[in-house]
Amino acid sequence: MKLFIPDKVFINPVSMEYEVGRFAREQLEKLNVPIVEGRRVLIEGEFSLSSSCPGHCEYCYLQTTQGEKPYMKVFVNIEEILAVIQKHIDENLPNIMYFECGSITDPIALEHLTGNLKRCVEFFAHSENGRLRIVTKYNNIDSFLDINHNNHTKFRFSINTRYIIKKFEHNTSSFEERIEAARKISKAGYPLGFIIAPIMIYDNWQKDYRELLDKLKSELEGYEEKITFELIQHRFTNTAKELILKRFPKTELDLNEENRQLKWGPYGKFKHVYPKEKSNEIRDYISQIINENFLNAEIEYFT
Ligand code: SF4
């Protein structure tokens, strides 16, 4: 897919003291992106509900919990960040400590501007007790293929049916691109996993999820390490629904509460999930195909 290019960039002058800051500036200048120097980010025009990720997935919780931040931010003080990570690892010895990359943005989407994630993978490769877990919907992974990862970084691809990706996951890598990226990552020997989310029920959903898992099976032929699967059904809170309808007034997401049942969420909010009978059907159907297609699969959870 085409790499993300911002319309305008605000650079904090302090960031030029860092190698990654200078590198990012160089990349942006090559791309002719207008640069404004200053400590403050001034967004002109109307308030825009955007996300801290270049993807525009209509259901994304980042869009709905961080909607007040209409710009993306990259950090260039990577060595300082890694020093903090090392401190946490040391404090937790002798346990293995896992770090998750991808909870507040897609970590691959902006990698071409900073190279930060590659630096992290290299850092964790040398770490005795630290492990990294990445989750992405992007295929910009070529810079990770020839580096020493020492099996300490696990790549998880967030995947879905062709229909859902096309319809709801704007500005992300396509169905084929993600599966191709997963194939490359498997060949590079990384621990591998998939998050199938959000799983939705629509006409032909069964046929489409089978197509997805059959395609994965053929592309990952020969990968004998364990492959993990995390299965997450589509859900929404009332606040999310309100924001989604503001951002995507014509959305075709099923946000009808009558088709759902209420579930108490860990963040103190009710969410609308599929009724028990339907969610069991999703869990059983998808688990069955995964187990048929992969002897090396481990389904970590369905929620
Ligand atoms: S790519 Fe991931 S983080 Fe970005 S909008 Fe989509 S779901 Fe959200």
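Numbers for residues simply follow the sequence, beginning at 1. These numbers come from a predicted model, not from an experiment.
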Intermediate values then yes/no, ring pair (Phe, Tyr, Trp, His ring centres under 6.0 Å), Y138 and F4: CA-CA 11 Å; Y138 285 81; F4 168 74; 9.0 Å; no
Full working for ring pair (Phe, Tyr, Trp, His ring centres under 6.0 Å) between Y163 and W205: CA-CA 9 Å; Y163 168 82; W205 68 275; over 10 Å; no
Under the ring pair (Phe, Tyr, Trp, His ring centres under 6.0 Å) rule, what do F248 and F168 come out as? Steps first, then yes or no, please. CA-CA 10 Å; F248 301 99; F168 303 117; 9.3 Å; no
Between Y190 and F144, is a ring pair (Phe, Tyr, Trp, His ring centres under 6.0 Å) present by the stated rule, with each step listed? CA-CA 10 Å; Y190 282 89; F144 299 93; 7.3 Å; no
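No hydrogens or angles considered: nothing links the side chains of D284 and Q288 as a donor-acceptor pair under 3.5 Å. Side chains of Q261 and Y274: no donor on one and acceptor on the other come within 3.5 Å. If you check the side chains of N92 and N129, you find no donor sitting under 3.5 Å from an acceptor. Judged purely by distance below 3.5 Å, without hydrogens or angles, the side chains of E79 and Y18 never pair a donor atom with an acceptor atom. Between the side chains of D208 and T161, no donor-acceptor pair of N or O atoms lies under 3.5 Å. No side-chain N or O of H272 forms a donor-acceptor pair with one of N259 less than 3.5 Å apart. In this structure, a donor-acceptor pair under 3.5 Å is absent between the side chains of R178 and S158. Between the side chains of T237 and K269, no donor-acceptor pair of N or O atoms lies under 3.5 Å.
Ring geometry, W264 versus F270: the interplanar angle exceeds 60°, so the pair is classed perpendicular (tilted spans 30 to 60°).
With respect to the salt-bridge test (charged N to carboxylate O, under 4.0 angstrom), the residues R25 and E37 qualify. By the 4.0 Å N-to-carboxylate-O rule, K215 lies too far from E211 to be salt-bridged with it. Salt-bridge annotation for E292 and R210: present, with a side-chain N of the basic residue lying under 4.0 Å from a carboxylate O of the acidic one. Salt-bridge formation is detected for the pair R183/E180: a Lys NZ or Arg NE/NH1/NH2 atom is positioned less than 4.0 Å from an Asp or Glu carboxylate oxygen. Comment: E58 does not engage R247 in a salt bridge, judged by the lack of any side-chain N to carboxylate O separation of less than 4.0 angstrom.
Among the candidates L213, L216, I227, the single residue satisfying the side-chain contact (heavy atoms from CB on, under 4.5 Å) test with I290 is L213. Paired with I185 under the rule side-chain contact (heavy atoms from CB on, under 4.5 Å), one option of L220, I134, N139, I141 passes, and it is I141.
The number of heavy-atom neighbours closer than 6.0 Å to CG of D203, taken from other residues, nucleotides and ligands shown, is 12 or below.
Annotation for E298 and K226: closest pair OE1-NZ, 3.0 Å, computed over non-hydrogen atoms.
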